[in-house]
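What follows is a set of notes on a single structure, which appears directly below.
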Amino acid sequence: MALEDILINKPKKKLFLLGNEAAVRGAIEAGISIAATYPGTPSSEIGDILHYLAKDANIYFEFSVNEKVAMEVAATAAVSGLRSFTFMKHVGLNVASDSFMTTAYNGVNGGMVILTADDPSMFSSQNEQDNRHYGRLAKIPILEPSNPQEIKDMVVYGFELSEKFKIPVIIRTTTRISHMRGIVELSEIKTSNNDNNKLKNNLKSNENVHWKKGFFKKNPNRYVPVPGNAAEMHKNLTLKFENIKKINTKLNKIYSAPKTSKNKNSKFKLGVISSGSGFNYTYDTINKYDLGIDILKLGFTHPFPEKEVLEFIKDLDGIFIVEEVDPIMEKEVLSIIGKNQLKISVFGKLNNVFPMIYEFNPDILLDSFKKFYQIAEKEKENEERNNIKDIYDEFSKEEININEYNQSTKLENTQLNKLIESLPNRHPTLCPGCPHRASYFAVKKSIEELEISEDNVIFASDIGCYTLGISPPYQTADYLLSMGSSIGDGGGLSKATNQTIMSFIGDSTFFHSGISPLINCIHNKNKFVLTILDNRTTAMTGGQSNPGLNVDGMGDPAPEISIEKIAISLGIEFVKIINPLNLKKAIETYKEAIEFDGVSVIIAKSPCALIKRLKKRKPMEIDYNKCIKCLECVKFLACPSISVKNDNIVIDPLSCKGCTTCRQMCKEKAIKIER
Amino acid sequence: MINMEENMFSKNPEFCKDSYTICMCGVGGQGIIKTSTIIGNGAINEGKKVVMSEVHGMSQRGGVVSSELKIGNYKSSLIEEFNSDMIIGFEPIEIVRNLNKVNKDTKMIINTHSIVPSNISSQKNSYPNIDEVIDILRENYNYVYPINGSQLAKESGNILTLNMVLLGAATADETFPISKDSIIIAMKNNLKANFYDMNTEAIEKGYETVKSLQ
C-alpha cells in the first residue's frame with residue numbers, strides 16, 4: 001500500500017491500515033480543513049502522514065511548536081467554522097491542558113476532534129496516565145475505539161457530534177490501538193466540503209492557499225472568558241453536557257453469547273462491560289473458550305451511558321469491568337448500582353480481579369476468568385456460603401493485583417529457562433554516527449580533565465533520543481520530569497545544591513518548552529551549563545521538522561529560528577556553537593563552560609545520523625598494526641558499529657556512518673578512514 | 001477444579017476454525033513490520049480476516065522489534081502465550097526471547113545470522129553460541145528451520161532482502177495459510193517497483209531452502 005491510497009475515494013474499498021493511518025482517513029472523510037500537532041509516540045504517524053498528504057487533501061497542516069499551540073490552532077479554526085483536528089500523545093494533553101480546558105467553555109462552530117493516544121505499559125513515555133480523566137475534568141465527550149475501523153468511523157462521528165453540540169470531542173486511543181493494523185472499509189470522501197476549485201472562487205484574489213478558509217464572527221461574550229462570561233459559559237457547558245447524555249448512539253453495543261454456548265446456564269448470571277483494547281481481549285477470551293457471557297462494548301464512554309448500562313446489568317448477579325489503566329468505568333458502574341440500590345457484585349480492578357496498572361492482554365483476561373471460576377468452585381463446596389458476594393469477598397481479601405510488567409512466563413523446561421536467562425539485553429542505544437555520543441564523550445572527558453568527581457555533577461536530562469544517555473557508558477541523565485524540564489531543573493538544582501549542573505535538551509524540545517524556563521534562569525541568576533543538542537530534526541519521533549529548520553509541516557520553505565540568537569537576546573554572555581564531532585574543540589569548550597560563572601549555553605550542532613539526505617562519509621577501520629586492544633572505543637562509545645569478534649575489534653563498514661568520533665578518541669591512532 | 005478447567009476452558013473449535021497466528025521478532029531495521037504488513041495484505045487478498053500488532057517506539061535505535069499477526073475471528077492483535085502457529089526470528093537470540101509465544105509444534109523459521117548488542121562488553125551475559133542455541137531448540141521443538149537468511153539475502157543482491165527471504169521461507173511450510181503467489185502479489189503492492197525481481201528472487205530462495213530442510 002502506498003500512503004496515497006489513504007486518499008482514494010472508493011467507498012467500500014478495504015485497506016489494511018494502521019490505527020494512525022485510519023485516523024487520517026477519518027479526518028479526510030470528515031472534510032477537515034486544519035490539523036495541528038506536536039509529534040509524540042504513539043500518535044506520531046498521524047502527523048507524518050498528514051505532512052505527506054495534507055496538500056492533496058486540501059488540509060492546512062502544521063507541526064506546532066508544542067501541543068498547547070496545536071490545541072489553539074485547532075480551536076480557533078473550529079470557532080471560525082472549519083473542521084479541525086489535533087492529536088497528541090497522552091502527556092501532550094498535559095501541555096495543552098490550559099487551553100484545552102477553556103476550549104470546552106468557548107465551544108466550537110465547525111467540528112473539533114482531539115485525539116489523545118495513551119500509552120499503557122509505557123512503551124515510549126514517562127508515565128501511563130489515563131486521559132479519560134481529562135474528559136471528566138473538562139466536561140468533554142470521549143469516544144474509545146477498539147480497532148482501526150472504529151478509529152476511522154469514530155473520527156467521522158466525532159466531528160458530527162462536535163458540530164451538533166458545539167463542543168470539542170476526545171478520541172482516546174492506546175498504543176495497542178494506534179499501532180494495530182486491521183482491515184478498514186472506506187466510506188465516501190465528501191469533496192463538497194473542501195473542493196479546492198470551488199474554494200478558490202471564495203478566496204480573496206491574492207490569496208493562494210490550498211485549504212478552505214472560515215470566518216470568525218465576533219462574540220466576546222461567548223469567546224472571552226473573563227469571570228462574568230466564564231460563569232455563563234460554564235453554565236452553558238453543563239447544559240450542553242446534560243443534552244449529550246440524552247442522545248442515542250450506535251457506538252455502544254451488546255455482543256451476546258450464543259444461546260448454544262456450553263456455559264450459558266452457569267449458576268450466576270454474569271456480564272462484562274468493556275472498552276478499547278480491553279474489549280478485544282474480552283471478546284476473544286469469552287468466544288475462544290465459549291464462556292457464555294454477554295459483553296456490553298462501550299465506544300461512547302463519556303458521558304457514561306447510564307441508561308444502557310443499567311439496562312444491561314439490572315438482572316445480573318455479577319458484572320466484570322475490563323478497562324485499561326484506571327478503574328474509571330468501574331466507579332461509574334458502582335455509582336449506578338448505588339443510585340439504583342441494586343445487588344450486583346462488580347469484578348474489576350478495585351477488588352483485584354484485573355491488574356490495577358499496565359497494559360492488558362488475552363492471557364491476563366484468561367487468568368482472571370479462571371481465577372473467578374476457581375473461587376466459584378471452591379465456594380460451591382462450602383454449603384453455607386454459596387452466592388456471588390462470597391466470591392467478591394474472596395477477591396477483596398487478596399492483595400492488589402499488579403501483573404508483573406514485561407515479565408514473560410517461566411517455561412516448564414528448565415533448560416530453556418536457563419537459555420532465556422543467559423541472553424544479553426538489547427536496549428535501544430544511540431545510533432552509529434549519532435552526534436549525541438560525541439557530545440556525551442566530550443562532557444565526560446571535560447569533567448575528568450577538570451578533576452570534578454562524577455558525584456558532584458548532576459545531569460538534568462530532557463525528552464528525546466539523548467535520554468538514552470541514562471545507560472552506561474554515558475550515564476548522563478540523573479533527573480527528568482517532562483518536555484523542557486531540564487532547564488527549570490538545572491536552575492532549581494543550582495539554587496538547591498553546590499554541585500556542578502549540566503542540562504541537556506534537544507532542538508525541538510527547546511522550542512517546545514525550553515525558552516520560558518531559560519528566561520527564568522537568567523533573571524534569577526542561576527549557574528549551570530545548558531547544552532542544546534541541535535541535531536536539526538525531531539529525531540526520537542521519526543524526524544519531523546521544527547522551528548529551527550527552514551521547512552514547515554507541509555514541506556514548504558519556512559523561516560528558520562536561530563537558537564543562538566534567542567540565547568544571545570536573553571543576555572546570556574556564554575553562548576557557543578560547537579560541532580560535537582570535533583572532540584578536541586568540544587572538550588575545550590565544555591571546560592570553559594563549566595568554569596563560567598552563570599548560565600553557559602553550548603549549542604552542539606550536528607545533524608542526526610538518520611537524516612536521509614546527508615552526504616555519505618567513508619566508514620572507519622581498525623589499523624591492526626597499531627591497535628593494542630585497550631577496548632576504550634568499545635567501552636566508552638558503545639557504538640553499534642564497533643564490536644569485538646574473535647578477540648579483535650571490528651568496525652562494521654555497512655553501519656558505520658564515518659562520524660570519526662572513535663578515530664579522534666583512540667589514543668593509539670589505530671582507527672583510520674577506510675580507503 | 002481440574003474438571004472445571006477441562007470443561008470450562010476448552011477451546012471452541014468453531015471460533016478457532018481457520019485461525020493462524022504468526023509472531024515475528026528481531027532487531028530494528030530488519031523489515032519486520034513491512035513483512036507482517038505484506039502477510040496481512042496477502043491474507044486480505046485471499047478473503048481472510050486479519051489483525052496485526054506492531055511494536056515501535058525506540059526500535060530504530062537498535063532495540064528489539066516484534067509484530068504479531070492473527071488470521072481468523074480474533075479481535076485482539078496479541079497472541080496468547082504458547083499459541084503461535086509460526087514464529088519468524090529475524091535474529092537467532094530474539095526467537096529465544098519470545099519462546100513464551102511458542103509450543104512444541106510451532107513452526108520456527110530462524111535466521112542464523114546474529115546481531116550482537118553493541119554494549120555487550122558492559123553486560124553480564126555474553127552472546128551465546130548460535131549452533132548450541134539451535135541444538136537446544138531442536139531438542140525441544142518439532143519444527144525448527146534454521147536458515148542463513150542474511151547470506152541468502154546477499155546472494156539475492158542485497159542484504160535488505162532478508163525479510164523477503166524469511167517470508168519465502170514461511171510460505172514453504174504447508175501450514176502457512178497464504179499461498180506464495182498471493183504473498184508475491186502483496187509484496188509487489190507494498191515495495192518499490194525497481195526491487196520486484198530482487199525481492200521475488202529472495203522469496204524463492206527462502207522458499208527453496210525450507211523445502212529442502214523438510
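In what follows, chains are A, B, ... by sequence order, proteins preceding strands, each numbered from 1.
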Can you tell me which portion of [X] sits under 4.5 Å from chain B's heavy atoms? Options are side chain, backbone, both or neither.
{"X": "Leu416(A)", "answer": "side chain"}
{"X": "Pro640(A)", "answer": "both"}
{"X": "Phe369(A)", "answer": "both"}
{"X": "Cys434(A)", "answer": "neither"}
{"X": "Asn147(A)", "answer": "neither"}

Kindly compute the distance separating [atom1] ([X]) from [atom2] ([Y]), expressed to the nearest 0.5 Å.
{"X": "Asn45(B)", "Y": "Asp181(B)", "atom1": "CG", "atom2": "CG", "value": "11.5 Å"}
{"X": "Ile32(B)", "Y": "Met24(B)", "atom1": "CD1", "atom2": "CE", "value": "8.5 Å"}
{"X": "Asp48(A)", "Y": "Asn20(A)", "atom1": "CG", "atom2": "CG", "value": "9.0 Å"}
{"X": "Asn287(A)", "Y": "Tyr283(A)", "atom1": "CG", "atom2": "OH", "value": "4.5 Å"}

remark   = Ranking Val116(B), Leu78(B), Ile44(B) by heavy-atom pairs under 4.5 Å to chain A gives rank one to Leu78(B)
message = Heavy-atom pairs under 4.5 Å with chain A - which of Val96(B), Val51(B), Ile120(B) has more of them than the others?
response = Val96(B)
With a 4.5 angstrom heavy-atom cut-off, is it the side chain or the backbone of [X] that approaches chain A, or both, or neither?
{"X": "Glu132(B)", "result": "neither"}
{"X": "Asn73(B)", "result": "backbone"}
{"X": "Glu94(B)", "result": "side chain"}
{"X": "Asn41(B)", "result": "both"}
{"X": "Lys48(B)", "result": "backbone"}
{"X": "Glu80(B)", "result": "both"}

request  = Please answer whether the main-chain N or O of Lys101(B) pairs with a side-chain N or O of Ser84(B) as donor and acceptor at a distance below 3.5 Å.
outcome  = yes
task = Please check if the side chain of Glu91(B) supplies one atom and the backbone of Ile115(B) the other of a donor-acceptor pair under 3.5 Å.
result = yes
Max heavy-atom pair count under 4.5 Å with chain B, selected residue of [options]:
{"options": "Lys14(A), His427(A), Arg176(A)", "answer": "Arg176(A)"}
{"options": "Val644(A), Ile642(A), Asn425(A), Leu631(A)", "answer": "Asn425(A)"}
{"options": "Ser471(A), Gly182(A), Ser422(A)", "answer": "Ser422(A)"}

request  = State, without any angle test, whether Lys70(B) and Ser19(B) hold a side-chain donor-acceptor pair at a distance under 3.5 Å.
outcome  = no
message = Using a 6.0 Å cut-off, check whether atom CD of Gln415(A) has over 12 heavy atoms from anything other than its own residue.
response = yes
message = Can you see whether Tyr143(B) has Lys107(B) sitting over its ring - NZ or CZ less than 6.0 Å from the centre and within 45° of the normal?
response = yes
message = With salt bridge (charged side-chain N to carboxylate O under 4.0 Å, His left out) as the criterion, how do Glu421(A) and Lys418(A) come out once you've worked through the C-alpha distance, each side chain's angles and the decisive distance to 0.1 Å?
response = CA-CA 5 Å; Glu421(A) 280 162 24; Lys418(A) 256 193 186 160; over 6 Å; no
